[in-house]
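These numbers come from the heavy atoms of this one structure, side chains and all, not from hydrogens, waters or symmetry mates.
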Protein chains: 2
Amino acid sequence: MEGSAPRRTRIQQEKRELILEAALEVFSANGFRGSTIDQIAEAAGMSKPNLLYYFRRKEDIHETLMQRLLDTWLAPLRELDDIGDPLTELRSYIRRKLEMARDFPRESRLFANEILQGAPRIKPMLEGELKALVDEKAAVIKGWMRAGKIARTDPWHLIFSIWATTQHYADFDVQVRAVLGADRGGDGRFEDAARFLEQLFLDGLKPKG
Amino acid sequence: MEGSAPRRTRIQQEKRELILEAALEVFSANGFRGSTIDQIAEAAGMSKPNLLYYFRRKEDIHETLMQRLLDTWLAPLRELDDIGDPLTELRSYIRRKLEMARDFPRESRLFANEILQGAPRIKPMLEGELKALVDEKAAVIKGWMRAGKIARTDPWHLIFSIWATTQHYADFDVQVRAVLGADRGGDGRFEDAARFLEQLFLDGLKPKG
DNA sequence: CAAATTTTTGACCGGTTGGACAAACGTTAG
DNA sequence: CTAACGTTTGTCCAACCGGTCAAAAATTTG
């Protein structure tokens with residue numbers, strides 16, 4: 001499939017990491033086309049030609065960043081397992097996803113940017129690897145439904161709704177903080193969100209009869 | 001506050017509409033910085049200088065587009081009213097929001113793009129007009145909770161979750177269709193989503209005891 | 001029709017951007 | 001020390017981009 005990883009010196013490894021960190025900052029804030037190599041180079045504390053010595057093209061940086069991102073981004077879903085109580089399992093999946101939105105908002109925004117633009121660079125991955133993973137987990141959830149452990153619904157849309165509600169707090173952070181205002185928009189907003197989402201996904205909005 | 005609307009000829013009105021339609025297409029797909037005036041001009045079937053005769057700057061097009069968008073975009077929330085059954089009222093708000101994601105995906109993506117980049121052009125509106133509207137509706141929802149009509153939760157996060165889940169089907173459309181695959185990703189996906197969201201928001205995931 | 005006004009276009013400009021390149025600089029191994 | 005190799009930088013370039021301008025073409029008005 002792919003060539004063997006090129007041998008790299010210590011400096012190359014360090015500088016490449018530095019560049020990727022800077023690029024994550026810049027790309028996630030401005031999008032791919034909205035970011036310039038100069039911006040990334042400055043954020044990484046080096047000159048543009050020096051940066052281009054480590055990554056020959058702007059696209060190479062973005063591609064490397066995206067490949068690394070996807071692994072860690074899907075880790076919570078991979079951990080969703082058939083062992084343990086289904087409701088507990090789903091609840092901790094939601095919690096993990098929300099923690100990622102809190103701790104890695106730049107990664108979330110980078111991903112959102114890519115999808116928004118039609119996922120030109122990762123569409124094959126979405127239709128291949130991602131679809132396979134979601135289908136697999138949907139089957140697990142369907143098993144829980146057949147066993148009467150959770151209510152019967154569409155597992156795929158359930159997963160979508162978890163992604164949407166949790167990533168919202170990273171991708172739409174500006175809006176969330178603006179609407180909540182200075183007092184409620186502080187650090188506590190993620191705990192409020194966690195409490196709300198748990199209640200929503202478990203009990204819904206009907207009053208307790 | 002603002003000067004009176006400039007007098008426009010019939011051609012000016014028509015051409016400005018044509019340009020705004022083309023700009024919506026281009027901006028929503030590529031973001032502001034990722035779009036060029038040439039692209040918009042070509043999509044509108046005119047030359048670049050001709051386009052600049054109707055809008056002096058690229059930003060003017062984006063600003064006009066955004067102003068129009070916001071009114072229609074918040075209309076469903078404005079309609080959320082205290083008359084009628086609370087659960088029915090919320091259910092139809094969700095349905096209307098999902099219909100907007102289906103019928104106006106470009107508008108949704110344009111908005112998402114703006115927020116993702118930190119809302120540089122509409123932040124004052126978010127902190128002013130939008131916050132006021134959401135606070136007002138949150139008060140209505142709180143009234144329903146006090147009256148025991150719906151379960152007690154955080155009304156602000158409830159509104160966020162409705163925004164997130166419905167807009168997801170416009171903003172992340174590529175991903176949704178990729179994961180659902182050719183068979184389930186067709187036109188029926190919005191009906192499936194509507195059914196799922198209704199169940200989620202009303203009953204949650206707990207099995208019926 | 002003819003004058004006045006509006007609309008359209010080709011040519012152009014200054015600034016930015018992604019990227020190339022060779023020369024200089026630093027480091028390491030023999 | 002020195003040759004080989006890895007790293008850094010100044011300079012440059014061609015393409016692109018937002019925007020200007022004067023003049024031509026079309027339209028409206030008297």
[X] [atom1] to [N] [atom2]: how many Å, rounded?
| X | N | atom1 | atom2 | result |
| --- | --- | --- | --- | --- |
| Tyr53(B) | dA25(D) | OH | C1' | 13 Å |
| Gln39(B) | dG18(D) | CD | C1' | 13 Å |
| Ile40(B) | dG19(D) | CD1 | P | 11 Å |
| Gln12(B) | dT5(C) | CD | C1' | 11 Å |
| Phe55(A) | dT7(D) | CZ | C1' | 16 Å |
| Leu51(B) | dG10(C) | CG | P | 15 Å |
| Arg16(A) | dT8(D) | CZ | C1' | 17 Å |
| Asn50(A) | dA24(C) | CG | C1' | 13 Å |

For the pair [X] and [Y], find out whether any cationic side-chain nitrogen is under 4.0 Å from an anionic carboxylate oxygen.
| X | Y | value |
| --- | --- | --- |
| Glu89(A) | Lys137(A) | no |
| Glu107(A) | Arg68(A) | no |
| Glu136(B) | Arg78(B) | no |
| Arg121(A) | Glu114(A) | yes |
| Arg189(A) | Asp173(A) | yes |

Tell me whether the rings of Phe111(B) and Trp73(B) are parallel (<30°), tilted (30 to 60°) or perpendicular (>60°). tilted
Could you walk me through whether Arg106(A) and Glu21(A) pass the salt bridge (Lys or Arg N to Asp or Glu O under 4.0 Å) check? CA-CA 10 Å; Arg106(A) 298 177 306 174; Glu21(A) 159 65 25; 3.0 Å; yes
Can you give me the N/O atom pairs linking the protein to nucleotides 25-27 of chain C at distances under 3.5 Å, or say none if there are none?
none

Can you tell me if Arg33(B) uses its side chain to pair, donor with acceptor, with the backbone of Arg33(A) under 3.5 Å? no
At under 4.0 Å, does any side-chain N or O of Ser47(A) touch on OP1 or OP2 of dT8(D)? no
Which residues satisfy the ring pair (Phe, Tyr, Trp, His ring centres under 6.0 Å) test with Trp163(A), sequence neighbours excluded?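 Trp163(A) satisfies ring pair (Phe, Tyr, Trp, His ring centres under 6.0 Å) with Phe160(A) only.
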Nucleotide N/O of nucleotides 18-20 of chain C paired with protein N/O under 3.5 Å:
{"from": "dG18(C)", "atom 1": "OP1", "to": "Ser35(A)", "atom 2": "O", "distance (Å)": "3.2"}
{"from": "dG18(C)", "atom 1": "OP1", "to": "Lys58(A)", "atom 2": "NZ", "distance (Å)": "3.0"}
{"from": "dG18(C)", "atom 1": "OP2", "to": "Ile37(A)", "atom 2": "N", "distance (Å)": "2.9"}
{"from": "dG18(C)", "atom 1": "N7", "to": "Lys48(A)", "atom 2": "NZ", "distance (Å)": "3.0"}
{"from": "dG19(C)", "atom 1": "OP2", "to": "Lys58(A)", "atom 2": "N", "distance (Å)": "2.8"}
{"from": "dG19(C)", "atom 1": "O6", "to": "Lys48(A)", "atom 2": "NZ", "distance (Å)": "3.2"}

